[in-house]
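Have a look at the structure below before the remarks.
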There are 2 protein chains.
Amino acid sequence: MNKDNQTDQIILEAARRVFQRSGYGGARMQEIANEAGINKASLHYYYRSKEKLFQTVYRQDIKVFLVPLVGILRDPFLTLEVRMRTFVGSYIKTLLKNPGLPLFIMQELSSNPGRLISLVEDHVPGVRSRSADEEESPMLAVFIGQIRNGMDDGSCNKVDPEQFILSMISMCVFPFVGRPLIRLLLKKGEQEYRDFLARREEEINEYLHRILFRNHQPIDGPRY
Amino acid sequence: MNKDNQTDQIILEAARRVFQRSGYGGARMQEIANEAGINKASLHYYYRSKEKLFQTVYRQDIKVFLVPLVGILRDPFLTLEVRMRTFVGSYIKTLLKNPGLPLFIMQELSSNPGRLISLVEDHVPGVRSRSADEEESPMLAVFIGQIRNGMDDGSCNKVDPEQFILSMISMCVFPFVGRPLIRLLLKKGEQEYRDFLARREEEINEYLHRILFRNHQPIDGPRY
DNA sequence: GTCTATACGGTGATAGAC
DNA sequence: GTCTATCACCGTATAGAC
C-alpha cells in the first residue's frame, strides 16, 4: 500500500462507504477503522468525533450530489432542450458512479433536517432567502421561464413547470433510491440492472421530449 | 385515555412513528416507550426484543406499501389506460396518507437486504422463483403484454415497457422520498407542498398519456 | 400487566507507551 | 502518528416486587 496516500483521505473514503451503507446511527467507528485498515483511536486523532467525521463526509456528498444539478438548472446560456438533455445525461452518469448517494442523502436529511439543512443550503444558493420577494426559487427561475415562454409561443405543450421538473428529477434519481425493490420487481441481477440504468438516459430524454414537444417530430426514429 | 385500546396496538403505532423517523439503528426503545406513554420494560413484555418489534412494524409497512401496487399491476381485467390511471391515483393517495413510508422501506431494505428480502417476497408473489422459466417477472407480465400489444397494433408509441413502468412508479414515489430536498428546491412550505402533491396525480396521468399515446388527442383541454 | 432496579454488552472517546 | 488499554456512558434486555 502506498503510504503517500494521505491517511485522512483513506479514512474519509472508508467512512463514506460505512455511513452510506448503515447511516449515521447504524455506523460503528470500529467498522470504519476496519474498513480503513487502521486503529479505532486513529479515527479520533484525525477527526475528533463521530459527528465531525460524519459532517465532513456528508458535506462532500451533498456537494457531489447537488452541484451538477444546480449548475445545469441555473445555467443562463442553455436552451431548454439542451438543458434537459444535459441534466439527464450528467445526472445519470453521476449516479452510476455513486449509486448509494441519493438514498444516503435523503435518509439523513429526513431523519435530522435541522442538523443538515444548512449544509444543503451552502450548495443551493438562493434557497436561504425567505424574504419572499420572489415567488419562486431563483434557482429554477431560468428553467421555469423558458418553459413558460415555450408555452406562450406555442413551441411547448402545457405543463405545470414545477411538476415537470420534479418528474424529470424523479425519473433520474428514483431508480437508484429504490434499487433493491426495483431489482426485485423486474427480476434483474446486479449487472443486468446496471445495463438497464445505462440505457435509461436516452429513454428519459425521449419521454421528456414527448411530454413537452409532442406536436413536433421525435428526434430519433423508433428504437424498438 | 380509553383502556380498551389494546396496548400492543398503541405500542405498534408508536414504534412505527419512531422507526420511520429514525430508522432501526437510530431508534431508541426509550423513545418508543415515551411515545406510547408506557414503561420501557413493557415493550419487552409485548414484543420480546427490538428486532421482533421492528420486524412486526416493517412487515405491516411493506404490506401497505406493496399490496395496492402489486394488485393493480397484476389485475388481469384492467385495460391499459385504466390500469395506469388506477395505479397513479391509488398510489398517490396511499402515500399522502403515509408520507414517510417509502423512504423508510427503501432505507432499511438497502442497509440490510438479506434480513428483509423475505418479508418483501411474501407480498410480491412470483419474485421468488429463480427458475428463469419466464424471462420477465410474472407480476409485470400482463402490464408489459398490454403495452407490447398496443405497440404492435399501432395504438401505443414505442417505449421500453420496463423503463416506462419504472418511470410511472418514479414519478409517483420520488416526491415523497425526496420530500425535504424537493421542498427546499421549490421553496415550498409544508402545507404548500401537500397541495402540490395532491395536484400531482392528474399531472402524472397527463404525462404518461403523452408518452404512450402522443398521436391521440389529449383527454382534457389545456389546464394552465 | 405494569412498574423499579439492575445486569450486561457494546460504543464513543481518551490516556499514555512507543 | 499509531498502537493497546481503559474509562464513562448508554442501550437492550431481564429480574422481581406489586
Side-chain angles (χ1 to χ4, degrees), chain A residues 1-61 104 107-108 111-112 114-116 119, chain B residues 1-61 104 107-108 111-112 114-116 119:
Chain A
M1 293 303 177
N2 188 354
K3 190 71 177 196
D4 290 342
N5 286 340
Q6 298 296 337
T7 306
D8 56 352
Q9 289 304 315
I10 296 177
I11 292 175
L12 217 56
E13 290 313 309
R16 194 184 316 280
R17 286 192 296 275
V18 175
F19 279 133
Q20 282 195 15
R21 192 189 310 137
S22 312
Y24 180 81
R28 298 286 164 252
M29 293 296 268
Q30 182 61 58
E31 196 183 352
I32 296 175
N34 294 344
E35 190 106 1
I38 59 162
N39 191 276
K40 189 172 54 161
S42 292
L43 295 185
H44 290 88
Y45 176 79
Y46 283 94
Y47 303 88
R48 197 140 54 78
S49 66
K50 182 183 181 182
E51 177 68 24
K52 187 85 169 52
L53 178 55
F54 174 79
Q55 295 231 3
T56 307
V57 168
Y58 196 76
R59 188 187 306 270
Q60 288 184 352
D61 279 355
F104 173 59
Q107 191 182 121
E108 300 300 330
S111 56
N112 212 330
R115 178 170 128 236
L116 302 171
L119 297 184
Chain B
M1 294 302 181
N2 188 355
K3 189 70 177 200
D4 290 341
N5 285 343
Q6 297 297 336
T7 306
D8 54 353
Q9 290 304 315
I10 296 177
I11 292 176
L12 217 55
E13 291 312 310
R16 194 184 316 282
R17 287 191 295 274
V18 175
F19 279 133
Q20 282 195 16
R21 192 189 311 139
S22 311
Y24 180 81
R28 297 287 163 253
M29 293 296 268
Q30 183 61 58
E31 196 183 352
I32 296 175
N34 294 343
E35 189 107 3
I38 59 162
N39 192 277
K40 190 172 53 163
S42 292
L43 295 184
H44 290 87
Y45 175 81
Y46 284 94
Y47 303 89
R48 198 139 57 77
S49 66
K50 183 184 181 182
E51 177 68 25
K52 184 87 168 53
L53 178 55
F54 174 79
Q55 294 232 3
T56 307
V57 167
Y58 196 76
R59 188 186 307 269
Q60 288 184 351
D61 279 355
F104 174 58
Q107 190 182 122
E108 299 299 329
S111 57
N112 212 331
R115 179 170 127 235
L116 301 171
L119 297 184

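Everything numeric in this text was worked out from a predicted model, so none of it was measured. Scope of the values below: all heavy atoms of this structure, side chains included, with no hydrogens, waters or symmetry mates. Chain naming here is simple, since letters A, B, ... match the order of the sequence lines and numbering starts at 1 in each.
- A/Asn34 and A/Gln30 are linked by a side-chain donor-acceptor pair at a separation below 3.5 angstrom, with hydrogens and angles left out of the test.
- Within the 4.0 Å cut-off from OP1 or OP2 of C/dT14, not a single side-chain nitrogen or oxygen of A/Tyr45 is found.
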Under 3.5 Å, which protein N or O atoms sit close to an N or O of nucleotides 9-13 of chain C? Give each pair with its distance.
unit_1: C/dT11; atom_1: OP1; unit_2: A/Arg28; atom_2: NE; d: 2.9
unit_1: C/dG12; atom_1: OP1; unit_2: A/Lys50; atom_2: NZ; d: 3.3
unit_1: C/dG12; atom_1: OP2; unit_2: A/Met29; atom_2: N; d: 3.0
unit_1: C/dA13; atom_1: OP2; unit_2: A/His44; atom_2: NE2; d: 3.2
unit_1: C/dA13; atom_1: OP2; unit_2: A/Lys50; atom_2: N; d: 2.7
unit_1: C/dA13; atom_1: N6; unit_2: A/Lys40; atom_2: NZ; d: 3.4

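- Pairs passing the salt bridge (charged side-chain N to carboxylate O under 4.0 Å, His left out) check and including a residue from residues 44-58 of chain A, sequence neighbours excluded, read A/Glu51-A/Arg115.
- In this structure, A/Tyr24 and A/Phe19 have parallel ring planes: the angle between them is below the 30° cut-off, well short of the 60° mark.
- Computed from coordinates, the B/Gln6 CD to C/dG1 C1' distance equals 12 Å when rounded to whole Å.
- For residues 22-42 of chain A, the set of pairs meeting the salt bridge (charged side-chain N to carboxylate O under 4.0 Å, His left out) definition, not counting sequence neighbours, comprises A/Arg17-A/Glu35, A/Arg21-A/Glu31, A/Arg21-A/Glu35.
- Between B/Tyr58 and B/Phe104, the ring planes lie perpendicular to each other; the angle is over 60°, past the 30° to 60° tilted range.
- Atom pair B/Lys52:NZ and D/dT12:C1' shows a separation of 17 Å (rounding to whole Å applied).
- Per the geometry, CD1 belonging to B/Ile32 stands 16 Å off C1' belonging to D/dC10, to the nearest Å.
- Distances shorter than 4.0 Å separate none of the side-chain N or O atoms of B/Thr7 from OP1 or OP2 on C/dG1.
- With D/dT2, C/dT4, D/dC3 as the choices, the nucleotide that has an atom nearest any side-chain atom of B/Asn39 turns out to be C/dT4.
- Side-chain atoms of A/Ser42 never come within 3.5 Å of backbone atoms of A/Ile38 as a donor-acceptor pair (strictly under, hydrogens ignored).
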